[in-house]
Number of protein chains: 2
Amino acid sequence: MPVINWLKYRSVIGYGLLLAALLFFLKWLEWRFVIVNYSLEIYVGLTAILYTALGIWLALKLITPKTNTVYVEAESYPIEAFVQYEFELQKSGISNRELDVLQLMAQGLSNQQIAERLFVSLNTVKTHSSKLFEKLQVQRRTQAIEKAKRLNLIP
Amino acid sequence: MPVINWLKYRSVIGYGLLLAALLFFLKWLEWRFVIVNYSLEIYVGLTAILYTALGIWLALKLITPKTNTVYVEAESYPIEAFVQYEFELQKSGISNRELDVLQLMAQGLSNQQIAERLFVSLNTVKTHSSKLFEKLQVQRRTQAIEKAKRLNLIP
DNA sequence: TACAAAATCATCCTAAAGTATGAGTGATAA
DNA sequence: TTATCACTCATACTTTAGGATGATTTTGTA
């Protein structure tokens, strides 16, 4: 037994009722203005205005709004990423200094430049990077960068 | 001397003309149906239908549609990024093969591994990467990766 | 077809990166 | 206080990356 969705036809019903009401109104007008000479013009004019308004109202009511899809950059650092960052940092056992080196690596700096930036010797940077590679289980700096980004260790 | 933008008022003018035409039509109807008994009801009915249609048309034509703005997190690849990709690719003059090498570099592969992956010699990969660095104006592969990501050349 | 890019490969050389190992220092926790 | 760990640095060595140059082949286009 199909259930009729009355709500769906609410506008149509409303429209019908309005039409009926208007007819009564017109009939009433007919009685009042039938003796006046220009009754017809007024009559038609009123009808025209009324139904134009009705048409506009109907259109506004029934038009499905356009959907504007806007693509927004994913938030720079959502909570999940931060949680994962902490987790992976703990799990891998990467130290602060190693993380420093990793970050500068990802910016494209050479070991020499990293050493200067951190005020340590080139050898120290090499030591850090070696241990970093062990902890990340990689062989090269490019791999380290790729994996670190994947693990949300760096942005 | 201000120039009136007639196009802007095209709809209004059209509406006026339509009204005028309808009045003529109505006058004509008056002559034809004045003898008929139920002429008034037909008359009004026609007017109602016509003006409802006009109202709907007006609303559709003149009113800027409501926009529902939907925000979607940019997961895959929004248009802007793709446009930038094409633009930067053109500007830098990076060739297909160089782009292949760049992508594999960003995945952390060594030149040797890239050579195997692309079925070319190590020397070829070196040539490609050298030209790539020139075109990206960088010195090292880590810089190339960083810059390429910044320019949306690679994800 | 002829010409310009693109793609391929090679050699020689230098610079940078990465591995292995050892060692000193300072902070901290058992 | 001793053991551990992070940080620092060094030497020696190997591997990989990168620069310069030249040459050949493919390929797309005027």
Side-chain angles (χ1 to χ4, degrees), chain A residues 85-154, chain B residues 85-154:
Chain A
Y85 164 85
E86 292 292 348
F87 175 73
E88 296 293 347
L89 209 56
Q90 286 295 322
K91 203 179 75 173
S92 58
I94 293 173
S95 73
N96 290 340
R97 218 49 171 162
E98 283 156 7
L99 195 59
D100 289 342
V101 171
L102 176 60
Q103 283 164 347
L104 296 176
M105 262 183 191
Q107 290 171 28
L109 303 204
S110 66
N111 284 343
Q112 186 58 56
Q113 288 172 320
I114 293 171
E116 284 160 16
R117 196 70 79 83
L118 297 180
F119 302 104
V120 295
S121 78
L122 175 61
N123 287 311
T124 304
V125 175
K126 282 188 175 186
T127 307
H128 284 321
S129 61
S130 275
K131 294 207 163 186
L132 184 65
F133 297 158
E134 270 179 40
K135 289 173 181 176
L136 281 175
Q137 303 179 61
V138 297
Q139 285 78 45
R140 278 174 294 286
R141 54 173 56 215
T142 49
Q143 282 183 316
I145 293 166
E146 196 276 333
K147 188 158 189 179
K149 292 204 173 192
R150 205 148 34 78
L151 298 181
N152 270 312
L153 286 173
I154 49 177
Chain B
Y85 165 84
E86 292 292 347
F87 174 73
E88 297 292 348
L89 209 57
Q90 286 296 320
K91 204 179 74 173
S92 59
I94 294 173
S95 72
N96 291 339
R97 217 48 169 165
E98 284 157 8
L99 196 62
D100 290 342
V101 170
L102 176 60
Q103 283 164 346
L104 295 176
M105 262 182 190
Q107 289 171 29
L109 303 204
S110 68
N111 285 342
Q112 185 59 59
Q113 288 172 320
I114 293 171
E116 284 159 16
R117 194 72 79 80
L118 297 180
F119 302 107
V120 296
S121 78
L122 174 61
N123 287 311
T124 303
V125 175
K126 283 188 173 187
T127 306
H128 285 321
S129 60
S130 275
K131 296 207 160 189
L132 184 64
F133 297 158
E134 271 179 40
K135 289 173 181 176
L136 282 176
Q137 302 179 61
V138 297
Q139 284 78 46
R140 279 175 294 285
R141 51 174 56 216
T142 47
Q143 283 183 315
I145 292 166
E146 195 275 334
K147 187 157 190 178
K149 292 205 173 189
R150 203 148 35 76
L151 299 182
N152 270 311
L153 286 173
I154 49 177

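When reading the values below, keep in mind they use all heavy atoms of this one structure, side chains included, and skip hydrogens, waters and symmetry mates. Below, chain A is the first sequence line, B the second, and so on; all start at residue 1.
None of Thr124(A), Val125(A), Asn123(A) except one satisfies the side chain to side chain contact (heavy atoms under 4.5 Å, CB included) rule with Asn111(A); the exception is Val125(A).
Within a heavy-atom distance below 4.0 Å of DNA chain C, the residues of residues 93-103 of chain B found are Ser95(B), Asn96(B), Arg97(B). In the region residues 105-125 of chain B, proximity to DNA chain D at under 4.0 angstrom, judged on heavy atoms, holds for Ser110(B), Asn111(B). Listed by residue number, the members of residues 126-144 of chain A with any heavy atom below 4.0 angstrom from DNA chain D are Thr127(A), His128(A), Arg140(A).
Lys131(A) pairs by the side chain to side chain contact (heavy atoms under 4.5 Å, CB included) definition with Glu98(A), not counting sequence neighbours. Every residue two or more places apart in sequence or in another chain was checked for a side chain to side chain donor-acceptor pair (under 3.5 Å) with Glu134(A), and none qualifies. By the side chain to side chain contact (heavy atoms under 4.5 Å, CB included) test, Lys147(A) is found to be paired with Gln137(A), Val138(A), Arg150(A), Leu151(A), residues two or more places apart in sequence or in another chain being considered. Judged as a side chain to side chain contact (heavy atoms under 4.5 Å, CB included), and not counting sequence neighbours, Ser130(A) has no contacts. The side chain to side chain contact (heavy atoms under 4.5 Å, CB included) search around Thr127(A) returns none, not counting sequence neighbours.
Between Leu132(A) atom CG and Ser92(A) atom OG the span is 8.5 Å, to the nearest 0.5 Å. In this structure, NZ on Lys135(B) lies 5.0 Å from OG on Ser95(B), to the nearest 0.5 angstrom. Here CD1 of Ile114(A) is found 10.5 Å from NE2 of His128(A). Values are rounded to the nearest 0.5 Å.
For DNA chain D, the contact window with chain B, defined by any atom under 4.0 Å from a protein heavy atom, covers dA17(D) to dG19(D) in 5' to 3' order.
Screening residues 116-128 of chain B for salt bridge (Lys or Arg N to Asp or Glu O under 4.0 Å), with sequence neighbours left out, gives no hits.
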Discussion item. Applying side chain to side chain contact (heavy atoms under 4.5 Å, CB included) to Phe133(A) and Arg140(A), what does each step give before you reach the verdict?
Written reply: CA-CA 7 Å; Phe133(A) 297 158; Arg140(A) 278 174 294 286; over 6 Å; no
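In the helix from dT1(C)-dA30(D) to dA30(C)-dT1(D), the end axes, each obtained as the rotation axis mapping the C1' atoms of four pairs onto the next four within a five-pair block, lie 50° apart to the nearest 10 degrees.
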Kindly list each side-chain donor-acceptor pair under 3.5 angstrom involving residues 100-109 of chain A, sequence neighbours excluded, with atom names and distances?
unit_1, atom_1, unit_2, atom_2, d
Asp100(A), OD2, Arg97(A), NH1, 3.3

